[in-house]
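In each ligand, atom 1 is the first atom listed, and ligand 1 is the first ligand listed. All values reported here derive from a predicted model rather than from experimental measurement. Residues take their numbers from the sequence shown, with the count starting at 1.
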Amino acid sequence: MGRAFVYVILGGGVAAGYAALEFTNKGVSNGELCIISEEPVAPYERPALSKGFLLPEAPARLPAFHTCVGANEERLTPKWYKEHGIELILGTRVKSADVRRKTLLTAAGETISYKYLIIATGARALRLEEFGVSGSDAPNVCYLRDLADATRLVDVIQTSTGGNAVVIGGGYIGMECAASLVINKINVSMVFPEPHCMGRLFTPKIANYYEEFYKTKGVNFVKGTVLSSFVFDPEGKVTGVNLKDGTYLPADLVVVGIGIRPNTSLFEGQLTLEKGGIKVNSQLQTSNSSVYAVGDVASFPVKIFGETRRLEHVDAARKSARHAVAAIMEPDKTTDFDYLPFFYSRVFSLSWQFYGDNLGEVVYFGDFSGTSFGAYWVHKGQLVGSFLEGGSKEEYEAIAKVTRLKPVIEDLSELERQGLDFVVAL
Ligand code: FAD
Ligand code: NDP
């Protein structure tokens, strides 16, 4: 049993949706392209799962957030794929790949062959078991990576109103879910090992602003420690957690967001890996010339920093996907992928954006006791990163534009004095 396509996208997440749109822009023919996804639904905007999807009032539900609404593009419903002659092979896990023979084998036993393959398998959530804690398959312990996880989380939230939640992890999932839980009238404790939240990006001063804001919403922070065990009732439901520092926290609901691992395993030993992802060149092409990799799973050259990085953010997924399709369909016209890293989050009434790299000395600006403030990172005499909370559309565009230029900074105190005017003026 088998089918053959010219183009196959493996994985049906954010990158797959944006790649499909780009394929149609470049004139793919009926029946040439398929998307194979373990998920039972067409590609959607994953960021909605920790934000609009969890709201108690008017929550976001499919089909409202199918790609590519996140970039104000067309919304690609299953009907759209049908109309464009794109085969959606959903609810189907690929269990092995053979890049030499250009074939994929599905769990249902079908062999799918391709001329070009785009790997868009994303990542999986790390589980507590990988850190030596057991019991995270209890019915009220929730991870959050896909629609099934989010649907389950909503069910548990609905039975926990007025109760207690423990959020494990102080990264993106932890911060966004904690805010959503508070909005759902659940008492939240956040537990994480670092001295402050968002340790990979925020400085202590920036983190402090968000932690203080969360405290005004009733969130309790337990920092510098990790979970050591769950406490269960006779039905196997978690009723509380024990922490390494001896603290006990009661829990009706536990949300775990302790990082991810890219889904590379199908290609280990077949393609070159780097920094935990599949290594690609500036055309998003892997060590096999018929195979491209995009999104969370790809380690690509970030030209502006002169080094290979793997990014775990939606903007990189969207743009790398589009670039790979252009490189496949119009190789002579496609220049190198030149990406400026962009991260953002929205929680409660807050909203921040970050561009570039958080390396070097930090120069703060704005009012940290008010609603708008920011920071620049200056490395080897150049501005390399910018963070802004509470900015306007024009201000965010300005920090992005200026960060890409990497302007020379001779006087840090002058940069501090100018603050946001520095980017607006350039
Ligand atoms: P994914 O979107 O994860 O898609 C991978 C797909 O591959 C999935 O459908 C998966 O089922 C499928 N797959 C994997 N292996 C197989 C296999 N063997 N066979 C078949 N199918 C397979 N980023 C931001 O910048 N801003 C945000 O606000 C933000 N919010 C987020 C909120 C949540 C809850 C999560 C989980 C992530 C969020 N992110 C956010 C990160 C962003 O969603 C990811 O960077 C993005 O989804 C990566 O896209 P991708 O296509 O590479 O992978
Ligand atoms: P992150 O990497 O953002 O954060 C993981 C957090 O968990 C870190 O604070 C980490 O600490 C901590 N941690 C690690 N191990 C443990 C442990 N054993 N016990 C307690 N805490 C631990 O990952 P998330 O899970 O929050 O997010 C998953 C993915 O989803 C990421 O790719 C993220 O980019 C994406 N996402 C992005 C959003 C956005 O961009 N707005 C929103 C939601 C998700 P340490 O740093 O010390 O390892």
*Asks:* What residue and atom, counting heavy atoms only, is the protein's closest point to atom 4 (O) of ligand 1, and at what distance?
*Replies:*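 Here the nearest protein heavy atom works out to Gly13 CA, 3.2 Å.
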*Asks:* Which of the atoms of ligand 1 are close to Leu144, meaning less than 4.0 Å from one of its heavy atoms?
*Replies:*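 With Leu144 as reference, the close atoms of ligand 1 come out as 34 (C), 36 (C).
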*Asks:* Over 60° means perpendicular and under 30° means parallel, so tell me whether Phe368 and Tyr364 are parallel, tilted or perpendicular.
*Replies:*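 If you compare the ring of Phe368 with that of Tyr364, the planes turn out perpendicular.
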*Asks:* Below 4.0 Å from ligand 1: does a non-hydrogen atom of Tyr344 turn up there or not?
*Replies:*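 It does; at least one heavy atom falls under 4.0 Å.
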*Asks:* Can you tell me if Gly12 has a non-hydrogen atom under 4.0 Å from ligand 1?
*Replies:* yes
*Asks:* Does Gly295, backbone or side chain, put an N or O under 3.5 Å from an N or O of ligand 1?
*Replies:* no
*Asks:* Tell me which one of His196, Glu211, Glu194 satisfies side-chain hydrogen bond (donor to acceptor under 3.5 Å, both in side chains) with Lys223.
*Replies:* Glu211
*Asks:* Does the pair Glu73 and Arg318 meet the rule for a salt bridge (charged side-chain N to carboxylate O under 4.0 Å, His left out), with working shown?
*Replies:* CA-CA 11 Å; Glu73 299 272 5; Arg318 294 169 180 158; over 6 Å; no
*Asks:* Return the residue, atom name and 0.1 Å-rounded distance of the protein heavy atom closest to atom 52 (O) of ligand 1.
*Replies:* Asp296 N, 2.9 Å
*Asks:* Using a 3.5 Å cut-off on N or O atoms only, is Arg93 in polar contact with ligand 1?
*Replies:* no
*Asks:* Taking atom NZ of Lys215 as the centre, does the number of heavy atoms from other residues, nucleotides or ligands within less than 6.0 Å exceed 12?
*Replies:*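 Atom NZ in Lys215 is crowded, with more than 12 foreign heavy atoms closer than 6.0 Å.
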*Asks:* Before signing off on this row, confirm whether Phe342 and ligand 1 have an N or O atom pair separated by under 3.5 Å.
*Replies:*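 In this structure, Phe342 places no N or O atom under 3.5 Å from an N or O of ligand 1.
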*Asks:* Any idea which protein heavy atom is nearest atom 3 (O) of ligand 1, and the distance to it?
*Replies:*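 Checking every protein heavy atom, the shortest distance to atom 3 (O) of ligand 1 gives Arg145 NH2, 2.8 Å.
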*Asks:* State whether the side chain of Arg152 and the backbone N or O of Pro139 hold a donor-acceptor pair below 3.5 Å, judged by distance alone.
*Replies:* yes
*Asks:* What's the shortest distance from atom 7 (O) of ligand 1 to any protein heavy atom, and which residue and atom give it?
*Replies:* Gly11 CA, 3.2 Å
*Asks:* Enumerate the atoms of ligand 1 whose separation from the nearest heavy atom of Pro47 is less than 4.0 angstrom.
*Replies:*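 Counting atoms of ligand 1 from 1, those under 4.0 Å from Pro47 are 27 (C), 28 (O), 29 (C), 30 (N), 31 (C), 32 (C), 40 (C), 43 (O).
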*Asks:* Which residue supplies the protein heavy atom nearest to atom 8 (C) of ligand 1, what is that atom called, and how far is it?
*Replies:*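 Of every protein heavy atom, Glu39 OE2, 3.3 Å lies nearest to atom 8 (C) of ligand 1.
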*Asks:* Is there a salt bridge (charged side-chain N to carboxylate O under 4.0 Å, His left out) between Lys79 and Glu83? Walk through the geometry before answering.
*Replies:* CA-CA 6 Å; Lys79 187 162 160 259; Glu83 283 167 3; 3.5 Å; yes
*Asks:* With heavy atoms under 4.0 Å as the rule, classify the contact between Ala120 and ligand 1 as side chain, backbone, both or neither.
*Replies:* backbone
*Asks:* For atom 1 (P) of ligand 1, grab the closest protein heavy atom and report residue, atom and distance to one decimal in Å.
*Replies:* Arg46 NE, 3.3 Å
*Asks:* Out of all atoms in ligand 1, which are within 4.0 Å of some heavy atom of Glu312? Include the element for each.
*Replies:*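 This gives 41 (C), 45 (O) as the contact atoms.
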*Asks:* Before signing off on this row, confirm whether Val297 and ligand 1 have an N or O atom pair separated by under 3.5 Å.
*Replies:* no
*Asks:* To which protein heavy atom is atom 14 (C) of ligand 1 closest, and what is the distance rounded to 0.1 Å?
*Replies:*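 Looking only at protein heavy atoms, the one closest to atom 14 (C) of ligand 1 is Thr121 O, 3.2 Å.
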*Asks:* Applying a heavy-atom distance cut-off of 4.0 Å, which protein residues contact ligand 2?
*Replies:* Phe131, Ile168, Gly169, Gly170, Gly171, Tyr172, Ile173, Glu176, Pro193, Glu194, Arg200, Val226, Gly257, Ile258, Gly259, Ile260, Glu312, His313, Tyr344, Ser345
*Asks:* Sequence neighbours left out, cut at 3.5 Å: what donor-acceptor pairs do the side chains of residues 293-305 make with other protein atoms?
*Replies:*
| unit_1 | atom_1 | unit_2 | atom_2 | d |
| --- | --- | --- | --- | --- |
| Asp296 | OD2 | Arg145 | NH2 | 3.0 |
| Ser299 | OG | Glu274 | O | 2.6 |

*Asks:* Taking the inter-plane angle between the rings of Phe23 and Tyr7 on a 0 to 90° scale, is it parallel (under 30°), tilted (30 to 60°) or perpendicular (over 60°)?
*Replies:*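 Correct class here is tilted.
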*Asks:* Which of the numbered atoms in ligand 1 are below 4.0 angstrom from a heavy atom of Leu266?
*Replies:*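 In order of number, 18 (N).
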*Asks:* With a 3.5 Å distance limit and no angle check, can you tell me whether Asp252 reaches the backbone of Val156 through a side-chain donor-acceptor pair?
*Replies:*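 Side chain of Asp252 to backbone of Val156: no pair is present.
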*Asks:* Do any nitrogen or oxygen atoms of Val314 lie less than 3.5 angstrom from nitrogen or oxygen atoms of ligand 1?
*Replies:*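 For ligand 1, there is an N or O atom that lies under 3.5 Å from one belonging to Val314.
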*Asks:* In the structure I gave you, are the side-chain heavy atoms of Leu90 and Ser37 within less than 4.5 Å of one another anywhere?
*Replies:*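 Counting from C-beta outward, Leu90 and Ser37 do come under 4.5 Å.
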*Asks:* Measure up the Tyr214 and Phe221 rings against each other and bin them: parallel (under 30°), tilted (30 to 60°), perpendicular (over 60°).
*Replies:* tilted
*Asks:* Give the residue, atom name and distance (to 0.1 Å) of the protein heavy atom nearest atom 32 (C) of ligand 1.
*Replies:* Ser50 OG, 3.2 Å
*Asks:* Would you kindly say whether Thr286 and Asn288 are connected by a side-chain donor-acceptor distance under 3.5 Å?
*Replies:*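 Judged by distance alone, the side chains do not pair up.
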*Asks:* Just to check, does Thr92 reach to within less than 4.0 Å of ligand 1 when the distance is taken from its heavy atoms?
*Replies:* yes
*Asks:* Using a 4.0 Å heavy-atom threshold (strictly under), name the region of Lys51 that reaches ligand 1: side chain, backbone, both or neither.
*Replies:* side chain
*Asks:* Distance to the ring centre below 6.0 angstrom and angle to the axis at most 45 degrees; does that hold for Arg404 and Tyr355?
*Replies:*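 The answer is no; the distance or angle limit is not met.
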*Asks:* What part of Ile173, side chain, backbone, both or neither, has a heavy atom within less than 4.0 angstrom of ligand 1?
*Replies:* side chain
*Asks:* Is the backbone N or O of Glu176 less than 3.5 Å from a side-chain atom of Ser180, with the two atoms forming a donor-acceptor pair by type?
*Replies:*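 Answer holds: yes.
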*Asks:* Checking side-chain hydrogen bond (donor to acceptor under 3.5 Å, both in side chains) for the pair Thr403/Ser386: CA distance, chi angles, key distance, verdict?
*Replies:* CA-CA 7 Å; Thr403 308; Ser386 306; 2.7 Å; yes
*Asks:* Just heavy atoms, cut-off under 4.0 Å: does Asn263 contact ligand 1 by side chain, backbone, both, or neither?
*Replies:*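 It is the side chain that touches ligand 1; the backbone stays farther off.
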*Asks:* Are Leu144 and Leu49 close enough that some pair of their side-chain heavy atoms sits under 4.5 Å apart?
*Replies:* yes
*Asks:* Taking the six-membered ring of Phe232 (Phe, Tyr or Trp), confirm whether the NZ or CZ of Lys237 is under 6.0 Å from its centre and within 45° of its axis.
*Replies:* no
*Asks:* Below 30° counts as parallel, above 60° as perpendicular, anything between as tilted: where do the rings of Phe202 and Phe387 land?
*Replies:*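 Perpendicular.
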*Asks:* Only heavy atoms of Ala317, strictly under 4.0 Å: list the atoms of ligand 1 that pass.
*Replies:* 48 (C), 49 (O)
